[in-house]
There are 4 protein chains.
Amino acid sequence: MSSPVCIILHFVLYFTIKIIKFTMAFKEGDWILLVWKDKKYLKQLSKGFNLSVKGSTLKLEDILNREKGEHINGFYLFSPTLEDILLLGFKRKTQILYPKDSFYVAFKLDIKDKKVLEFGTGSGTMTAVLSQLAQEVWTFEVVKEFYENAIKNWNRFNLCSNVRAFNKDFIEEDTLEEEYFDACFVDVREPWLYLDKLHTRLKKGAPCCFLLPTTNQVSMLLKALEKGFGNVEVLEILHRHYKVNPDRLRPEDRMVAHTGYLVFCRKTT
Amino acid sequence: MSSPVCIILHFVLYFTIKIIKFTMAFKEGDWILLVWKDKKYLKQLSKGFNLSVKGSTLKLEDILNREKGEHINGFYLFSPTLEDILLLGFKRKTQILYPKDSFYVAFKLDIKDKKVLEFGTGSGTMTAVLSQLAQEVWTFEVVKEFYENAIKNWNRFNLCSNVRAFNKDFIEEDTLEEEYFDACFVDVREPWLYLDKLHTRLKKGAPCCFLLPTTNQVSMLLKALEKGFGNVEVLEILHRHYKVNPDRLRPEDRMVAHTGYLVFCRKTT
Amino acid sequence: MSSPVCIILHFVLYFTIKIIKFTMAFKEGDWILLVWKDKKYLKQLSKGFNLSVKGSTLKLEDILNREKGEHINGFYLFSPTLEDILLLGFKRKTQILYPKDSFYVAFKLDIKDKKVLEFGTGSGTMTAVLSQLAQEVWTFEVVKEFYENAIKNWNRFNLCSNVRAFNKDFIEEDTLEEEYFDACFVDVREPWLYLDKLHTRLKKGAPCCFLLPTTNQVSMLLKALEKGFGNVEVLEILHRHYKVNPDRLRPEDRMVAHTGYLVFCRKTT
Amino acid sequence: MSSPVCIILHFVLYFTIKIIKFTMAFKEGDWILLVWKDKKYLKQLSKGFNLSVKGSTLKLEDILNREKGEHINGFYLFSPTLEDILLLGFKRKTQILYPKDSFYVAFKLDIKDKKVLEFGTGSGTMTAVLSQLAQEVWTFEVVKEFYENAIKNWNRFNLCSNVRAFNKDFIEEDTLEEEYFDACFVDVREPWLYLDKLHTRLKKGAPCCFLLPTTNQVSMLLKALEKGFGNVEVLEILHRHYKVNPDRLRPEDRMVAHTGYLVFCRKTT
């Protein structure tokens with residue numbers, strides 16, 4: 001029986017769904033990940049938006065009010081993940097630390113709700129990853145151009161609200177408390193020059209990670225770590241991707257063979 | 001000049017440091033990671049504690065009130081990290097997902113402050129990793145023995161307070177809201193049997209990850225994902241460890257060659 | 001004292017050295033490997049020869065009568081090795097088997113001074129490698145264009161004098177003796193269709209190798225090999241190259257991740 | 001119709017087959033490869049021979065007059081290949097060069113019918129591989145125990161008839177002709193000490209290979225090769241084996257991660 005109450009409830013429900021759908025749908029200003037076959041594009045939706053790939057075309061009006069996961073003109077529409085943002089959205093002024101390495105490092109440093117030190121900031125990709133797990137991240141970058149670029153990267157994607165960034169060489173910082181940090185990540189060319197200073201700023205037993213591209217640097221660092229650090233590990237991470245054809249499953253023809261060596265250790269007394 | 005105020009302040013400072021030192025020091029009941037050369041031991045400190053490795057011995061009284069990072073009788077003393085706990089502290093009733101894979105997966109699923117679904121729970125290692133990033137994790141395990149073991153693992157190390165665990169096959173769960181979860185991790189033998197159900201429970205565009213040990217399973221899953229899922233990626237992760245001798249740097253002789261294939265995708269409409 | 005005999009001996013020696021030097025030097029018609037930094041060029045010396053790389057130029061007259069190993073205008077001059085010829089000199093109508101795989105396979109098949117069967121010939125790279133160790137190689141290729149290309153490849157570089165090539169599907173060959181071959185190498189899409197025939201032509205215990213690009217094919221073949229073959233091994237070979245800077249030693253950024261799976265086995269009764 | 005000629009021919013054929021079968025069959029003194037599931041045993045057949053694996057047993061009389069490829073009591077019988085001999089038959093007094101590396105190196109050095117220099121000999125595995133392709137191999141080993149062991153290894157398996165072995169440090173050899181060798185393989189701890197001498201003994205443009213286990217040695221060698229050698233390549237070879245279950249195809253759990261770095265170059269003027 002369609003009483004007035006029923007009718008009202010019906011309308012309420014109808015508009016609630018409309019509103020939810022509207023909230024879930026893509027709007028101007030949103031960042032969107034567009035996937036066309038095995039190609040990915042990270043774009044911000046704005047007037048005049050237009051993407052064309054081998055004859056498939058998308059315009060702003062094709063996307064507005066569409067929902068995540070929809071398939072239009074050969075493109076899938078998704079919200080970008082952190083990985084998409086780091087790989088496709090961050091502007092790079094330096095060699096970056098890739099998700100392949102940074103995702104592993106962040107957990108390995110055991111930083112959940114802890115205080116983390118980073119230097120140098122570079123393009124800010126590692127900072128963004130550390131920031132998701134840590135309570136706070138302090139990061140130092142001596143090159144002004146890099147420092148400013150990193151901050152822009154974070155702001156464009158509303159990341160790193162718990163990060164304090166400094167345009168300064170970590171070695172020159174002298175107002176920090178002793179034994180303040182629970183862990184650190186170091187990505188500079190000559191990390192052995194920073195070990196004494198680093199030692200004073202870390203809590204006892206703090207896990208550390210250093211990224212180094214060459215074996216010569218790894219040897220240099222290992223020698224320097226013999227004093228004041230222990231439980232040293234060196235490793236490299238390789239990701240091997242496969243073609244996603246179920247009837248012809250096989251690895252991709254080529255892969256990334258090297259980004260850097262990861263040196264892990266813990267502060268000792 | 002040593003005024004009475006000065007003396008009082010001096011005492012306050014002295015005892016504050018004592019108290020902090022006491023708080024930082026190892027006490028009975030604590031879990032401790034003991035590192036002897038390249039061997040690691042995760043132990044809980046209790047009466048009668050005794051560890052002996054090739055002639056080096058540690059007793060409870062050697063450790064009590066010692067600080068993290070100290071070196072005693074050839075052993076380094078550390079608090080265990082999450083990785084140490086997963087590798088050395090969790091009891092295994094099943095093949096586990098190793099940090100090499102789980103640390104990468106958790107970030108790749110983009111679950112910071114989100115709702116995550118997992119099945120099957122297994123020994124609970126992946127749950128513990130997901131739990132650190134996610135807002136809440138719901139996990140399903142059909143085998144009672146595994147379910148109970150996972151819960152014991154979490155409780156022993158005070159992990160997973162934001163996890164809801166069910167001793168039930170995910171397929172039989174029927175009270176869950178539609179489109180509740182932002183992401184999922186699936187570790188069961190025949191994931192293709194769960195895809196229809198899984199599709200109803202995931203939000204639009206939700207990232208998913210499946211772990212599969214064999215290529216035959218990957219082929220089966222890829223075929224099944226063609227309906228309702230897109231942006232599929234298959235990859236495997238290899239870690240290569242090095243001997244930490246600075247003058248003779250070289251990889252370890254042997255390495256883990258395979259744990260499983262990781263299949264990533266996103267829910268589509 | 002300079003007697004007439006001495007003078008004559010002197011002249012003899014002088015001309016002998018001249019002749020040897022002339023024999024060792026590059027002449028028109030020779031194949032030459034030119035190495036410019038990390039780039040390699042395989043060329044045949046002929047009138048009008050001219051090679052230009054980023055401003056460095058070589059002409060025929062720069063090279064004639066120069067010796068191997070000389071360095072001219074930024075180029076090193078070498079005789080090409082078998083590997084250089086296979087990688088740079090052979091024309092490809094098909095996916096080829098690379099030295100990374102073929103060099104290992106040839107020795108693994110234990111074919112020194114033995115009779116080897118190959119099908120399909122493809123571009124003839126594997127044939128050229130087998131031919132260096134074996135007494136004789138019989139090779140079958142059903143596609144006329146491939147068959148003719150392979151023969152041209154061998155003739156250009158004076159390779160494969162002990163090879164008998166057939167423009168025919170191996171399955172259709174019916175004049176061969178039973179148990180004639182000591183070993184075989186098989187590179188066709190559906191090798192399982194050939195196993196019965198292959199079994200009759202191989203000596204007892206003969207080692208076999210199959211190249212297959214996909215895991216699905218490997219599974220199919222493994223099932224088929226259960227009858228009539230034993231001691232099965234499956235492997236893949238990865239080569240990782242390094243940048244040759246002594247002060248900054250590190251792997252190349254990218255590498256070949258996959259060519260094919262190698263399945264080895266031996267004929268059983 | 002059975003004429004006397006027919007009967008005679010019949011007998012001739014009968015005995016010919018008997019003789020061939022007898023020749024093909026295993027006899028006392030033969031080396032045999034026994035394969036039991038994924039285990040391999042290389043044995044010489046002699047009185048009292050007895051092999052027992054998890055309840056499966058083989059005695060001499062089980063094997064005599066059996067043919068290659070036969071399956072008896074769970075064991076396959078095969079003639080050993082060169083790889084089987086190197087891995088299971090050669091006695092090791094030193095770290096050996098594995099087929100994974102040596103099979104590739106031998107072809108890469110382009111030594112078919114050429115003169116090859118090797119030092120040090122070690123256990124003689126590389127010598128055995130070089131010897132199959134080369135015209136002649138000269139090998140130097142300073143440690144008497146290694147030198148004698150290598151010769152014993154070759155003699156046990158009738159290998160290396162074209163090898164001249166010297167119990168001497170290559171640096172001390174002074175009767176060799178200049179520019180005698182077409183190629184060389186070097187496996188000593190400090191190869192840079194030998195480069196001047198080596199240079200005099202190699203033909204112009206000769207390919208060389210050095211095996212080195214550590215990155216520090218590679219850096220040292222690369223620096224030394226800058227004078228007198230060119231076209232330098234550094235690489236490492238990884239083999240990844242699979243479990244041979246067609247329905248559950250997957251890599252082995254563990255693999256060899258490192259044997260050594262291979263440094264290739266060519267003599268320049």
Side-chain angles (χ1 to χ4, degrees), chain C residues 24 33 35 40 67-71 76-79 81-84 99-100 102-110 112 129 132-133 203-207 215 218-223 226 230-247 249 261 263 266-269, chain D residues 24 33 35 40 67-71 76-79 81-84 99-100 102-110 112 129 132-133 203-207 215 218-223 226 230-247 249 261 263 266-269:
Chain C
M24 299 298 296
L33 181 79
V35 179
K40 292 179 176 186
E67 287 183 272
K68 287 152 193 171
E70 288 201 49
H71 196 239
Y76 281 112
L77 319 184
F78 296 113
S79 301
T81 63
L82 176 64
E83 188 179 51
D84 298 324
K100 152 179 112 59
S102 62
F103 287 2
Y104 177 73
V105 169
F107 269 113
K108 171 112 174 164
L109 287 177
D110 197 36
K112 173 71 176 168
V129 178
Q132 291 220 337
L133 263 181
K203 283 188 188 149
K204 292 182 171 70
T215 64
V218 174
S219 282
M220 288 284 284
L221 180 62
L222 289 180
K223 210 161 279 177
E226 284 171 359
N231 189 21
V232 183
E233 293 174 54
V234 180
L235 63 89
E236 45 184 350
I237 300 178
L238 296 161
H239 280 204
R240 197 165 179 226
H241 292 261
Y242 282 69
K243 302 190 176 181
V244 294
N245 183 335
D247 300 317
L249 185 63
Y261 298 97
V263 180
R266 298 186 72 167
K267 176 179 158 177
T268 59
T269 51
Chain D
M24 302 296 298
L33 181 80
V35 179
K40 292 178 176 187
E67 287 182 273
K68 288 152 193 173
E70 287 201 49
H71 196 238
Y76 282 111
L77 319 184
F78 296 113
S79 301
T81 63
L82 177 64
E83 188 179 52
D84 299 324
K100 150 179 115 58
S102 62
F103 287 2
Y104 177 74
V105 169
F107 269 114
K108 170 113 175 164
L109 287 177
D110 197 37
K112 173 72 175 166
V129 177
Q132 291 220 335
L133 264 181
K203 284 189 189 149
K204 293 181 170 69
T215 64
V218 174
S219 281
M220 288 282 285
L221 180 61
L222 289 180
K223 209 160 280 177
E226 285 171 359
N231 190 22
V232 183
E233 293 175 53
V234 180
L235 63 88
E236 45 183 350
I237 300 178
L238 295 162
H239 280 205
R240 197 166 179 224
H241 292 262
Y242 282 69
K243 300 189 177 181
V244 295
N245 183 336
D247 300 317
L249 185 63
Y261 299 97
V263 179
R266 299 186 71 166
K267 176 179 158 177
T268 59
T269 52

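Residue numbers begin at 1 in each chain, while the letters A, B, ... track the order of the sequences.
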Side chain, backbone, both or neither of [X] within contact of chain D (heavy atoms, under 4.5 Å):
{"X": "C:K267", "result": "backbone"}
{"X": "C:V129", "result": "both"}
{"X": "C:L221", "result": "neither"}
{"X": "C:K40", "result": "side chain"}
{"X": "C:E83", "result": "side chain"}

Specify which of C:S219, C:P99, C:S102, C:A106 makes the most heavy-atom pairs with chain D at under 4.5 Å.
->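 So the answer, after comparing C:S219, C:P99, C:S102, C:A106, is C:S219.
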Option that, when pairs with chain D are counted at under 4.5 Å, heavy atom only, ranks first among C:V105, C:D84, C:V234, C:L109 =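 Answer, by heavy-atom pair count under 4.5 Å with chain D: C:V234.
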Option in [options] with maximal non-hydrogen atom pairs under 4.5 Å from chain C:
{"options": "D:L235, D:D247, D:V218", "result": "D:L235"}
{"options": "D:E226, D:H71, D:Q132", "result": "D:Q132"}
{"options": "D:V35, D:V232, D:N231, D:L82", "result": "D:N231"}

Relative to the ring of D:Y104, is the ring of C:H239 parallel (under 30°), tilted (30 to 60°) or perpendicular (over 60°)?
->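 Aromatic pair C:H239/D:Y104 classed perpendicular.
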To the nearest 0.5 Å, tell me how far [X] [atom1] sits from [Y] [atom2].
{"X": "C:K100", "Y": "D:I237", "atom1": "NZ", "atom2": "CD1", "answer": "10.0 Å"}
{"X": "D:R266", "Y": "C:L77", "atom1": "CZ", "atom2": "CG", "answer": "10.5 Å"}
{"X": "D:K112", "Y": "C:L133", "atom1": "NZ", "atom2": "CG", "answer": "7.0 Å"}
{"X": "C:E70", "Y": "D:T268", "atom1": "CD", "atom2": "OG1", "answer": "10.0 Å"}
{"X": "D:L222", "Y": "C:N245", "atom1": "CG", "atom2": "CG", "answer": "8.5 Å"}

